[in-house]
Amino acid sequence: MAKDAGGLTSRAEDFPRWYQEVVAGAEMAENGPVRGTMVIRPWGFGIWELLQGELDRRIKDAGAENAYFPLFIPEAFLGLEKEHVEGFSPETWVVTHGGGKPLEEPVVVRPTSETVVNHFFAKWIQSHRDLPLLVNQWSNVVRWEMRTRLFLRTSEFLWQEGHTAHATEQEATDYAVRILRDAYLDTIESVMRIPTFVGLKTDRERFAGAIRTWACEGMMGDGKALQLGTSHELGQNFARAFDIQYADESGARSYVHQTSWGASTRLIGGLIMVHGDDFGLRLPPALAPSQVVVMVVRADEHTDRASAAIADELRSAGLRVRIDDQTAASFGRRAIDWERKGVPVRIEIGPRDLAEDRAVVVRRFDRSKQSVGLSSLLAEVRSALERTSAVLHAEALAFREAHTTSVETLEEAVEAAAEGFAVLPASEVGEAGEDTLAGYGITVRCLQRADGSLPGVDEGDLSAVVGKSY
RNA sequence: CGGGGAGUGGCGCAGUAGGUAGCGCGCCUGCUUUGGGGGCAGGAGGCCGGGGGUUCGAGUCCCCCCUCCCCGACCA
């Protein structure tokens, strides 16, 4: 029966349905009352807060400072950069009324903030001494979407968007790549434990208004790709549109070179689809709102006291611990609920264990159980958390490798992309090839060197990673 | 926007010769149980998406409208 695995549809049976059931069953999010909107519940938001903390620290390490720009943007701003407006006009929400009356000038709800940020950059940047200007904001953005899916695509979503201005194109390129690597790639690999392809986007996939887009791409559990973070070089496009000029040492005026980059709550969708299994979510310890749940099997004074003591010990060691003493609910029900939420380690404490000064440690990643002496509990939990982190990455990497095929021709790529990614010489694709692939629902996810590393600007002889995507 | 489907307790659904609205899960109370979705007993909760029509009588038949979901085109 399909419902054997903790009440969820199996991934193999119906992956999209499994995804929705995990999002709902783990109490992460649900649809808002307005089409395409999302309510992020405490468990989902707790994951986001941890992820946000990791990204924020790395962004600050890269020198950017946080700021905040308004939600409402004058409609006229959007039109100032030609490609940008063409790219975003179809997805904007426009406010036409306020205070019960039509607005004299309609206001756009930000789909992204390049325009309003650069309006201010023009004021703030006068001299080469004002550069580089490195600003990040955490915010919501709103876009019209045809079809929405919780976390993966919603009309309103949370993200961070960075905006920078530099004196030279080289500096801008370096910074865009630095963010991609040090903030995004590092967070996705070492915190989220998702194996990641990095590379350059083709012109077709480039951000509206950018000259180059760099991206992190992950493979989901169904073989499809998900873009996990992008970093754009805007060249001088917005600088010209918003007249952002600086005076160099000699007093000559030049337009700045810019970048913008973003990562969103979509990352949570990726987390689910990469690590989840038929029993629900599996969280990497770094992103688990509770890393350990101490389950009281049966309530009495012994188990209550013991579970509190264990929780204290683990907390003192810096772990996020939660006690589940809701013994009015059955044991099985509670075990399944925590499993679905993806808590990495469960400790079960009942009279049987306490009689021997032991506890049962359950690892979520393989659902293995082990009876452990109380004195070595902390060490066992730590080791289980480390194993979790290592295994999640290893399993995801093995899956991606098993579903990535090196091919030589477009025809072979189409065939291989039915199962996952195909990697082929970029020269075999080209713009015409991209059109062909698009006919099969396949896109070029990124261009990279043959060894998988990031290419340089205008570098030839690249490989194209292609596949179906979310 | 094109093609398909659905609106009935919180969730998932059943409900056609039109005749007083049901089931599972969840929820509340009590007892019992608790080592992988417990058991028994009692209980609460519905303008059947909206409006009009046919009829003695409409969840069910007719007309109009609204919303949502799935597949495709757009996208972090």
Side-chain angles (χ1 to χ4, degrees), chain A residues 1 3-9 14 16-17 20-21 24-25 27 30-36 38 86-92 110-113 139-149 151-161 184 201 204-208 210 213 215-218 225-232 260-270 279-280 295-300 303 324-340 346-355 358-360 362 367 369 371 438-441 443 468-470:
Chain A
M1 194 168 87
K3 298 289 178 182
D4 280 354
L8 298 171
T9 299
D14 186 341
R17 186 167 170 194
Q20 290 186 321
E21 289 178 1
E27 300 182 334
E30 55 193 81
N31 287 312
V34 171
R35 175 198 147 76
M38 167 170 62
E86 284 172 3
F88 279 101
S89 284
E91 18 183 336
T92 54
R110 64 181 164 216
T112 178
S113 302
S139 72
N140 58 344
V141 283
V142 177
R143 301 175 182 184
W144 182 262
E145 294 291 351
M146 302 293 186
R147 221 184 117 208
T148 60
R149 275 219 246 195
F151 290 119
L152 299 175
R153 172 163 301 106
T154 47
S155 282
E156 180 192 10
F157 59 90
L158 305 182
W159 75 346
Q160 59 68 218
E161 49 176 322
Y184 298 154
K201 286 288 184 183
R204 185 195 180 101
E205 300 287 322
R206 202 161 28 86
F207 174 75
T213 288
C216 293
E217 294 282 333
L226 184 70
Q227 180 171 301
L228 296 165
T230 49
S231 188
H232 316 291
S260 71
W261 24 279
S264 72
T265 37
R266 163 180 281 189
L267 288 170
I268 296 174
F279 299 91
M295 272 186 70
V296 178
V297 174
R298 195 183 314 175
D300 62 39
T303 48
D324 174 6
D325 56 3
Q326 303 296 305
T327 49
S330 75
F331 173 83
R333 161 55 52 108
R334 292 184 291 145
I336 283 166
D337 285 348
W338 292 118
E339 209 157 57
R340 269 208 288 244
R346 224 165 57 228
I347 298 177
E348 300 172 359
I349 308 222
R352 263 176 8 215
D353 309 294
L354 286 185
R358 303 179 76 82
V360 173
V362 189
R367 302 176 70 240
K369 295 189 179 192
S371 178
Y440 296 93
T443 49
K468 295 186 176 174
S469 80
Y470 278 93

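Letters A, B, ... are given to chains in the order of the sequence lines, protein chains preceding strands, and every chain is numbered from 1.
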Closest to the 5' end of RNA chain B, once A335(A) and G229(A) are matched to their nearest nucleotides, is A335(A)

Given the C1' atoms of C56(B) and U20(B), what is the spacing between them in whole Å?
15 Å

Quick one: what's the B/S/- string for nucleotides 68-73 of chain B, heavy-atom cutoff under 4.0 Å, read 5' to 3'?
S-SSSB

Taking only the P atom of each, what is the distance from G10(B) to G46(B) in whole angstrom?
8 Å

What is the distance, rounded to the nearest whole Å, between atom CD1 of I349(A) and atom P of G35(B)?
16 Å

What is the base-pairing partner of A14(B), counting Watson-Crick and G-U wobble geometry with both distances under 3.5 Å?
none

Proximal nucleotide (of A76(B), U34(B), G36(B)) relative to the T154(A) side chain
A76(B)

Side chain of Y470(A), backbone of Q227(A): donor and acceptor closer than 3.5 Å?
no

Watson-Crick/G-U partner (both atom distances under 3.5 Å) of C56(B):
G19(B)

R346(A) side-chain N/O to W338(A) backbone N/O, donor-acceptor pair under 3.5 Å:
no

A76(B), OP1 or OP2 - any side-chain N/O from S264(A) closer than 4.0 Å?
no

Sugar-phosphate, base or nothing in reach of L267(A), heavy atoms under 4.0 Å:
nothing

For G35(B), does the base pair up with any side-chain atom of K369(A) as donor and acceptor (N or O, under 3.5 Å, distance only)?
no

Quick one: label V141(A) by what it contacts on the DNA or RNA (base, sugar-phosphate, nothing), any heavy atom closer than 4.0 Å.
nothing

How about Q326(A): does its CD atom have over 12 heavy atoms from other parts shown lying under 6.0 Å from it?
no

Got a donor-acceptor contact below 3.5 angstrom from the R110(A) side chain to the N140(A) backbone?
yes

Please determine whether any donor N or O and acceptor N or O are separated by less than 3.5 Å between the side chain of R346(A) and the base of G36(B).
yes

Nearest whole Å is fine: how far is G36(B) P from D337(A) CG?
15 Å

Can you check the distance between G50(B) and U8(B), where both ends of the measurement are the P atom (answer in whole Å)?
10 Å

I'd like the P distance from U16(B) over to G49(B), given in whole Å.
15 Å

For atom CE of M295(A) and atom P of U34(B), their distance in whole Å
14 Å

Pick the closest RNA chain B nucleotide for G262(A) and for A329(A) by heavy atoms, then say which residue is nearer the 5' end.
A329(A)

Quick check: does any side chain N or O of R334(A) sit under 3.5 Å from a backbone N or O of V296(A), one acting as donor and the other as acceptor?
yes

When the distance from CD of Q326(A) to C1' of G37(B) is rounded to whole Å, what number comes out?
17 Å

Can you check the F331(A) CZ to G38(B) P distance for me, whole Å?
11 Å

State which of U34(B), G36(B), G26(B) makes the closest approach to the side chain of E339(A).
G36(B)

Are F157(A) and the base of A76(B) stacked, counting only ring centres nearer than 5.5 Å and planes tilted under 30°?
yes

Suppose you measure atom P in G30(B) against the same atom in C13(B); what distance do you get, rounded to whole Å?
33 Å

Between P of G35(B) and CG of D300(A), the distance in whole Å
14 Å

Short side-chain to backbone donor-acceptor contact, T92(A) and S89(A), under 3.5 Å:
yes

Selection from A76(B), G37(B), G35(B) that lies nearest to any side-chain heavy atom of R333(A)
G37(B)

Nucleotide opposite G2(B) in a Watson-Crick or G-U pair, distances under 3.5 Å
C71(B)

If we ignore hydrogens and angles and just use 3.5 Å, is the side chain of T303(A) paired with the main-chain N or O of R298(A) as donor and acceptor?
yes

The side-chain contact (heavy atoms from CB on, under 4.5 Å) partners of T148(A) (sequence neighbours excluded) come to E145(A), S155(A)

Between G42(B) and C47(B), how many Å separate the two C1' atoms, rounded to a whole number?
29 Å

With C1' as the reference atom in both, quote the distance from G22(B) to A14(B) in angstrom, rounded to an integer.
7 Å

Interatomic distance, I336(A) CD1 vs G35(B) P [rounded to whole Å]:
11 Å

Looking at residues at least two apart in the chain, or sitting in another chain, which of them share a salt bridge (charged side-chain N to carboxylate O under 4.0 Å, His left out) with R367(A)?
E339(A)

Mark yes or no for whether R143(A), through its side chain, and P111(A), through its backbone, hold a donor-acceptor pair below 3.5 Å.
yes

Determine the Euclidean distance between corresponding P atoms of C64(B) and C28(B); express it in Å to zero decimal places.
45 Å

Touch check for R143(A), heavy atoms < 4.0 angstrom, all strands: base, sugar-phosphate only, or nothing?
base

Is there a Watson-Crick or G-U wobble partner for G30(B) with both distances under 3.5 Å, and if so, which one is it?
C40(B)

Both distances below 3.5 Å, Watson-Crick or wobble geometry, any strand: find the nucleotide opposite G9(B).
none

Roughly, in whole Å, what's the span from CD in Q227(A) to C1' in C74(B)?
14 Å

Side-chain contact check for E348(A): nearest option of G37(B), A76(B), G35(B) is G35(B)

